[in-house]
Amino acid sequence: MDSTNLMLYSAPLAGIIGLLFAVYLVLYILKLDAGTDKMKEIAAAIQEGAMAYLNRQYKTVAVIAVILTIVIAYAINTATALAFVLGAVMSAAAGYLGMNISVRANVRCANAAKEGMKKALDVAFKGGAVTGISVASFALLGVSGLFIAFGGKVDAVDKIVGFGFGASLISLFARIGGGIYTKAADVGTDLVGKVEAGIPEDDPRNPGVIADNVGDNVGDCAGMAADLFETYAVTALGAMLIGVTVIDKYPNAVIYPLVLGAAAIIASIIGVLFVKLGKSGNIMGAMYNGAIVAGIISLILFYFITRQLMNGDTGLFISALVGLGVTAAMIIITEYYTATEHSPVRQIANASVTGPGTNIITGLGIGLQSTALPVIVICAGILTSYMVMGGGTLGLYGIAIAAAAMLSVTGIIIAIDSYGPITDNAGGIAEMAELPKEVRDITDPLDAVGNTTKAVTKGYAIGSAALGALALYAAYSSEITKLRGSPLELKLSDPMVLVGLLIGGMIPFLFASFLMGAVGRAATTIVTEIRRQFREIKGIMEGTAKPDYGRCVDIVTIAAQKEMIIPGLLAVLSPLVVGFILGPVALGGLLIGVIISGLLLALMMTTGGAAWDNAKKYIESGNLGGKRLPDGSKNPTHAAAVVGDTVGDPTKDTAGPAINPLIKVMNIVAILFAALILKYSLMG
């Protein structure tokens with residue numbers, strides 16, 4: 001076996017090593033003490049609700065997946081259909097494994113908080129690392145394993161596009177359904193509990209509190225896992241598809257992104273081991289240490305891989321460096337707009353002094369503003385990686401490698417993200433189990449940092465989605481060019497292009513409107529149910545009667561499952577409708593339109609929503625009067641911030657993040673059905 005084949009096999013090997021490391025972390029966490037019987041009872045209720053939701057969601061998606069499998073097998077080929085099934089199954093497995101350990105790490109984190117911040121952080125981060133390392137490992141193992149199974153040659157790449165579609169389908173519904181669930185439960189619980197009843201967050205007297213804690217896991221853990229699994233897989237596929245077009249200059253262009261991914265998984269594992277709380281007590285700094293170590297090791301390994309596989313091509317190494325640079329820049333920018341230490345969040349908090357109206361106006365302004373710097377960074381990354389490769393097809397390959405390098409460190413990034421729902425749940429368990437105040441003094445700062453980490457990783461996910469989608473669009477363009485023998489040209493003077501651009505630009509807004517409306521409707525049912533229980537179950541407020549938690553979990557589960565179908569079908573069917581009716585040129589315009597408007601809308605929603613959330617947290621930490629005034633009455637400034645957070649919740653955790661898989665699903669569907677669209681389009 002020559003050195004090139006050895007390096008190719010390093011990709012599935014790294015995936016297996018990553019999964020073994022995840023198993024090691026699982027065993028470490030499960031050995032820890034889960035605390036008192038009351039803590040175990042609460043944690044069991046969260047576990048039961050989370051797994052029941054996920055099982056029901058997968059059953060619903062399975063029906064759609066079976067239909068699509070039959071369509072793909074009949075319309076394209078059996079190999080692509082099998083790849084589609086594998087992509088869906090592995091994506092679901094990554095989310096399932098991650099959430100399974102998340103709902104067990106939460107109670108152990110709460111119990112570890114009795115020993116101090118250092119121990120609690122260690123448990124929460126290692127719990128999150130199970131999700132992170134599993135996602136990257138499953139994705140790399142799936143793509144590289146299929147490539148090898150289909151022969152490991154250039155002609156194998158087209159057959160594994162189905163894998164990306166399977167991953168995209170699970171990601172789409174996980175983001176939509178999980179996002180609707182988590183925010184309907186959160187908004188409904190907060191509006192009645194905090195605003196109307198004036199009781200603390202996670203108060204066990206609130207009937208919606210278990211549903212809220214379940215939502216943290218199905219939305220932020222399983223949803224993010226599926227999202228970045230899909231982004232990782234389809235970005236690698238995009239780079240491989242473009243690599244086919246430059247194979248004459250770079251014989252190893254197809255396997256290069258896979259080997260970069262293998263190196264980064266090893267780097268991420270090492271990075272996880274470096275996350276330890278220092279003497280300064282800087283929680284965010286401890287996690288950033290792990291990310292920095294993973295980035296530096298990845299960069300060193302990228303250099304040697306480029307020398308070995310690509311003859312030390314400087315342009316390719318710079319492109320990979322650009323990908324890591326964009327990652328760092330997106331993290332820094334998003335933290336600036338969402339952390340309580342910086343001006344944007346404090347502007348929103350200060351605006352709350354004059355009421356919810358000014359809070360919402362200021363939050364909208366911050367959200368809109370937060371799109372500028374990320375777009376400039378992404379543009380700089382695109383231009384740099386394109387130009388150092390000399391433009392043309394080679395330039396597009398450079399962009400694809402930048403995207404692949406950015407996604408290669410997914411393991412450590414998701415670990416930082418999945419830490420958030422674990423600490424959020426740990427705080428809730430501590431509150432409901434009536435643990436000493438000293439425990440909440442540990443879990444509250446961990447939770448506050450978790451809000452920022454979730455925002456930071458969403459910014460990373462959106463930026464990587466934008467670069468990945470551009471690579472996918474380039475792959476679509478190359479596929480159409482190859483099939484019809486002439487380049488796909490998009491000219492604004494062509495009405496088909498303009499129509500495609502406008503429809504594509506509209507779809508993220510329509511998609512987001514469906515999701516925002518879904519959260520509003522589902523939250524209304526929860527508000528009604530919680531009010532009913534407060535009214536009809538005597539003794540809830542006095543603590544002498546137990547609320548019916550299960551009823552709230554059932555209501556929001558049913559609502560989320562019902563509401564996720566139409567937005568999901570919009571994503572899958574819109575490129576097919578435009579392609580088959582208006583043709584491949586209009587479809588090209590559609591893809592560009594959805595990338596541009598989707599990127600901007602997702603950035604605005606996720607960053608603005610996180611800023612609203614942390615403005616509320618800033619006030620709750622004692623600033624601007626805190627939760628209550630000196631006379632014990634409710635602070636109207638805090639009440640205004642809760643209203644702003646209620647608006648921001650579905651933007652940051654439902655509509656905004658779900659735009660990521662929307663963009664990529666539409667692109668991967670276009671690639672998958674390109675030949676049929678070219679052959680059967682009515683106006684092509």
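Numbering of residues begins at 1 and proceeds along the displayed sequence. Atom set for the values below is all heavy atoms of this structure, side chains included, hydrogens, waters and symmetry mates excluded.
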Which residues pass the side chain to side chain contact (heavy atoms under 4.5 Å, CB included) test with [X], not counting sequence neighbours?
{"X": "I382", "value": "I378, I399, L467, L470"}
{"X": "S137", "value": "L19, I133, I265"}
{"X": "I292", "value": "I296"}
{"X": "D158", "value": "L241, E479, K482"}

Non-neighbouring partners of S493 that pass side chain to side chain donor-acceptor pair (under 3.5 Å), sequence neighbours left out: none
My understanding is that only residues two or more places apart in sequence, or in another chain, count here; which of them pass side chain to side chain donor-acceptor pair (under 3.5 Å) with S478? none
Show which side-chain atoms of residues 600-607 pair as donor or acceptor with protein atoms under 3.5 Å away, not counting sequence neighbours.
| from | atom 1 | to | atom 2 | distance (Å) |
| --- | --- | --- | --- | --- |
| T606 | OG1 | A602 | O | 2.7 |
| T607 | OG1 | L603 | O | 3.0 |

Holding to salt bridge (charged side-chain N to carboxylate O under 4.0 Å, His left out), I want the full list of residues that pass it with K491, two or more places apart in sequence or in another chain. E489
For Y303, check ring pair (Phe, Tyr, Trp, His ring centres under 6.0 Å) against everything at least two apart and list the hits. F317
Side-chain donor-acceptor contacts of residues 400-411 below 3.5 Å, not counting sequence neighbours, with atom names and distances?
| from | atom 1 | to | atom 2 | distance (Å) |
| --- | --- | --- | --- | --- |
| S408 | OG | A405 | O | 2.5 |
| T410 | OG1 | L407 | O | 2.5 |
| T410 | OG1 | Y460 | OH | 3.4 |

Regarding Y256 and T306, is there a side-chain donor-to-acceptor distance under 3.5 Å anywhere? yes
Euclidean distance, T131 OG1 relative to I416 CD1, rounded to 0.5 Å: 13.0 Å
Would you mind listing every ring-ring contact (aromatic ring centres under 6.0 Å, His included) that reaches into residues 64-94, with sequence neighbours excluded?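 Output for this query lists F84-F165.
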Which pairs would a plain distance check flag for residues 243-255, meaning a side-chain donor or acceptor within less than 3.5 Å of a matching protein atom at least two apart in sequence or in another chain?
| from | atom 1 | to | atom 2 | distance (Å) |
| --- | --- | --- | --- | --- |
| T245 | OG1 | I242 | O | 2.5 |
| Y250 | OH | D313 | OD2 | 2.6 |
| N252 | ND2 | L309 | O | 2.9 |

